[in-house]
Q: 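Shown below is the structure under consideration.
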Amino acid sequence: MSPRPAPKGRAVSEAEALQDARVQRILATVDSIPPGRVASYGQVAEEAGLPRAARFVGTVLRRFVADRGVPWHRVLGSDGTIRVTGGTARDQAKLLREEGVTVRKGRVRMADSGWRPEED
DNA sequence: ATAGTGACTTTAC
DNA sequence: GGTAAAGCCACTA
């Protein structure tokens with residue numbers, strides 16, 4: 001039969017990407033951000049064991065935001081700015097406000113709403 | 001293997 | 001307070 005079904009690191013499709021350990025850790029980390037709190041892409045990357053892979057975190061969220069209960073809206077730029085492009089940005093601000101997060105001029109005060117994994 | 005790309009971050013002006 | 005450029009990681013073609 002076919003003995004080569006599993007490419008090790010890279011994914012070749014979304015289904016396989018979801019099985020990728022890196023993607024799993026990223027999604028799990030995002031999922032652990034408590035409501036009313038926000039984290040930066042870099043922070044998520046670090047928590048997921050992929051330091052400096054902030055861009056990858058953005059890519060993952062962009063591709064897998066379709067369904068699953070991942071609170072993607074709680075991830076912002078390092079300075080609390082909404083980095084999402086397109087009309088999605090408005091949805092993100094809306095979702096955050098619904099959680100009690102103050103969004104002003106497309107950005108959030110990280111000092112107030114920033115997630116501290118240590119405190120949780 | 002090389003080049004292009006991005007929902008990033010940091011530094012410099 | 002902004003904008004610009006370089007550095008980063010991992011994916012995609």
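Side chains included, hydrogens not; waters and symmetry mates left out as well; all remaining heavy atoms used. Chain identifiers are assigned alphabetically (A, B, ...) following the order of the sequence lines, protein sequences preceding nucleic acid strands; residue numbering begins at 1 within each chain.
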Q: Is A:R74 salt-bridged to A:E99, going by a charged N under 4.0 Å from an acidic O?
A: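 Yes, this pair counts.
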
Q: Of all the choices, C:dC11, B:dA7, C:dC9, which nucleotide is nearest to the side chain of A:D20 once you look at every atom?
A: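 That would be C:dC11.
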
Q: Expressed in angstrom and rounded to an integer, what is the separation of A:L50 atom CG from C:dC9 atom P?
A: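 It works out to 11 Å between those atoms.
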
Q: Does A:R74 reach a base, just sugar-phosphate, or nothing at all? Heavy atoms under 4.0 Å.
A: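 No contact.
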
Q: Go along nucleotides 8-13 of chain B 5' to 3' and tag each nucleotide: B for a protein heavy atom under 4.0 Å from its base, S when only backbone or sugar atoms are that close, - otherwise.
A: BBS---

Q: Specify the separation, in whole Å, of atom CD1 of A:I82 and atom C1' of B:dA7.
A: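 Answer to the nearest Å: 11 Å.
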
Q: Within a strict 4.5 Å, meaning less than it, do heavy atoms of the A:T102 and A:D112 side chains meet?
A: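 Not in contact.
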
Q: Tell me the interatomic distance from A:R25, atom CZ, to C:dC9, atom C1', rounded to whole angstroms.
A: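 From A:R25 CZ to C:dC9 C1': 14 Å.
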
Q: With side chain to side chain contact (heavy atoms under 4.5 Å, CB included) as the criterion, how do A:V38 and A:M110 come out once you've worked through the C-alpha distance, each side chain's angles and the decisive distance to 0.1 Å?
A: CA-CA 7 Å; A:V38 299; A:M110 293 301 274; 3.6 Å; yes

Q: Kindly give the heavy-atom pair with the smallest separation between A:R37 and A:W115, and that separation in Å.
A: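 The pair with the smallest heavy-atom distance is CB-CB, 4.0 Å.
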
Q: Which one of A:T29, A:V23, A:D31 satisfies the side chain to side chain contact (heavy atoms under 4.5 Å, CB included) criterion with A:L27?
A: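 Between A:L27 and the candidates, side chain to side chain contact (heavy atoms under 4.5 Å, CB included) is satisfied uniquely by A:V23.
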
Q: Which heavy atom of A:Q92 sits nearest to which heavy atom of A:V75, and what is that distance?
A: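 Looks like NE2-O, 3.0 Å.
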
Q: For B:dT5, does either OP1 or OP2 sit under 4.0 Å from a side-chain N or O belonging to A:R62?
A: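 Result: no.
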
Q: Taking atom C1' of B:dA7 as reference, at what distance in whole Å does atom CG of A:L96 sit?
A: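 For the pair A:L96 CG and B:dA7 C1', the rounded distance is 13 Å.
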
